[in-house]
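These numbers come from a predicted model, not from an experiment. Along the sequence shown, residues carry numbers from 1.
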Amino acid sequence: MIVDLHGRTVLIAGASRGIGAATARLAAEAGARVIVHGRTRSESLRLLARSLDATAIACDGRDEAAVRHAVAGLRVDALICTLGSVQPTPALDGDTEDWVSEFRANVLAPAHFIRAVAPAMRRRGYGRIATVSSIRGRNSLAGSDVTGYSAAKAALENMTVSYAKELAPAVTVNAVAPGFVLTDMSRTWTDAVHAEVGRNLLGRAAQPQEIAGVLTFLISDAASYLTGQTIVVDGGLENRAI
């Protein structure tokens, strides 16, 4: 199915690298006017914006006032939130601040972008929103070594459904839960993680553009009857785990 985003302006929150950068490139290829966001105006963000003739904005997604200031005056037809972070937090270790940090990065930051752009979408009668969760947010694959992250991603999926209910029918809101993806983070994978990657049905990790393809589909008119869903893109790992 061909994704056509001509005439749409797409904001990718967390576009400096990895899945976000791949999504920005794919959205531009599909004809969208692209806005790329990073926490700072890094060289990678500037180069990406220049290559796509895109607008670049910078702010800390965890700061709602900063997000509202950064997007003020921008028309956004579709929002893709790929921003987030993960820190090892074993189930019985860590402290309250570790948990708060995970929720600020993986739940509040996407919520701040949604709250900043969704009211205008609803007034115009059109909008598409997609968030990025993780297989670690799924019950069968929650990680005991990343407990706070797993809990935060589960909360993000629940929040996605809540926003889908609140913003319907004008705005659709969906999530993608990737499995293991070959991003910068993959360089830190342990032997145990590599072994887990090999257990999915396809026997490999995903390329960032494979996740980007699902995200761009979700913000296109081809997905106009899809909302409140989490699409698992894990090479069949969850099915193998059951």
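When every heavy atom of I129 is checked against every heavy atom of A118, the shortest pair comes out as CD1-CB, 4.3 Å. Minimum heavy-atom separation, L182 to Q207: CD1-NE2, 3.4 Å. Smallest separation of non-hydrogen atoms from D77 and Y126: O-CE2, 3.9 Å. Residues V107 and M159 share a closest heavy-atom pair of O-CE, 3.8 Å. What you find for A15 and T82 is that their closest heavy atoms are N-OG1, 4.5 Å. The minimum heavy-atom distance linking L45 with G38 is given by the pair CD2-N, 3.7 Å.
One N or O on the side chain of S51 and one on the backbone of L48 form a donor-acceptor pair closer than 3.5 Å. Using a distance-only test at 3.5 Å, with no hydrogens or angles considered, a donor-acceptor pair links the side chain of N174 to the main chain of G228. For D63 (side chain) and A66 (main-chain N/O), a donor-acceptor pair under 3.5 Å exists by modelled atom type. Between the H37 side chain and the I12 main chain, no donor and acceptor come within less than 3.5 Å of each other. Side-chain atoms of N106 do not come within 3.5 Å of backbone N or O of Y149 as any donor-acceptor pair. Using modelled atom types, no side-chain atom of S134 and backbone atom of A177 make a donor-acceptor pair closer than 3.5 Å.
Transitive grouping of hydrophobic side chains (ILVMFWY, heavy atoms separated by less than 4.5 Å) brings I114 and L74 into a common cluster. Residues V161 and V171 do not share a hydrophobic cluster, defined by chaining ILVMFWY side chains whose heavy atoms lie under 4.5 Å apart.
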Requested in this report: Report the C-alpha separation of L11 and F113 in whole Å, then their side-chain angles, then the decisive distance to 0.1 Å, and conclude whether the side chain to side chain contact (heavy atoms under 4.5 Å, CB included) test is met.
Outcome: CA-CA 10 Å; L11 167 59; F113 275 94; 4.1 Å; yes

Requested in this report: Determine, step by step, whether R39 and C59 satisfy the side chain to side chain contact (heavy atoms under 4.5 Å, CB included) criterion, reporting the C-alpha distance in whole Å, the side-chain angles of both residues, the deciding distance to 0.1 Å, and the verdict.
Outcome: CA-CA 5 Å; R39 184 180 296 184; C59 65; over 6 Å; no

Query raised in the report: Could you walk me through whether I35 and V10 pass the side chain to side chain contact (heavy atoms under 4.5 Å, CB included) check?
Result: CA-CA 6 Å; I35 304 168; V10 180; over 6 Å; no

Report task. Assess whether salt bridge (Lys or Arg N to Asp or Glu O under 4.0 Å) is satisfied between R204 and E210, documenting all intermediate values. Result -> CA-CA 12 Å; R204 63 174 178 85; E210 292 179 294; 2.8 Å; yes

**Report entry** Criterion side-chain hydrogen bond (donor to acceptor under 3.5 Å, both in side chains) on T40 and S42, from CA distance to verdict
**Finding:** CA-CA 5 Å; T40 64; S42 64; 4.7 Å; no

Query raised in the report: Which is it for F103 and L108 under the side chain to side chain contact (heavy atoms under 4.5 Å, CB included) test, yes or no, and what are the steps along the way?
Result: CA-CA 6 Å; F103 272 75; L108 290 180; 5.6 Å; no

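The pair E64-R68 meets the salt-bridge criterion, with a side-chain N (NZ, NE, NH1 or NH2) lying under 4.0 Å from an Asp/Glu carboxylate O. Classification of R33 and D53 as a salt-bridged pair fails, no side-chain N sitting under 4.0 Å from a carboxylate O.
None of T183, V181, I231, L26 except one satisfies the side-chain contact (heavy atoms from CB on, under 4.5 Å) rule with I211; the exception is V181.
Under the side-chain hydrogen bond (donor to acceptor under 3.5 Å, both in side chains) criterion, R62 pairs with D60, sequence neighbours left out. With sequence neighbours excluded, no residue forms a salt bridge (charged side-chain N to carboxylate O under 4.0 Å, His left out) with R122. A search for salt bridge (charged side-chain N to carboxylate O under 4.0 Å, His left out) contacts involving E43 returns R46, not counting sequence neighbours.
Here the straight-line distance linking atom CG of L215 with atom CD1 of I19 works out to 7.5 Å at 0.5 Å rounding. Put simply, OG1 on T216 and CG on D4 are 11.5 Å apart, with the number rounded to the nearest 0.5 Å.
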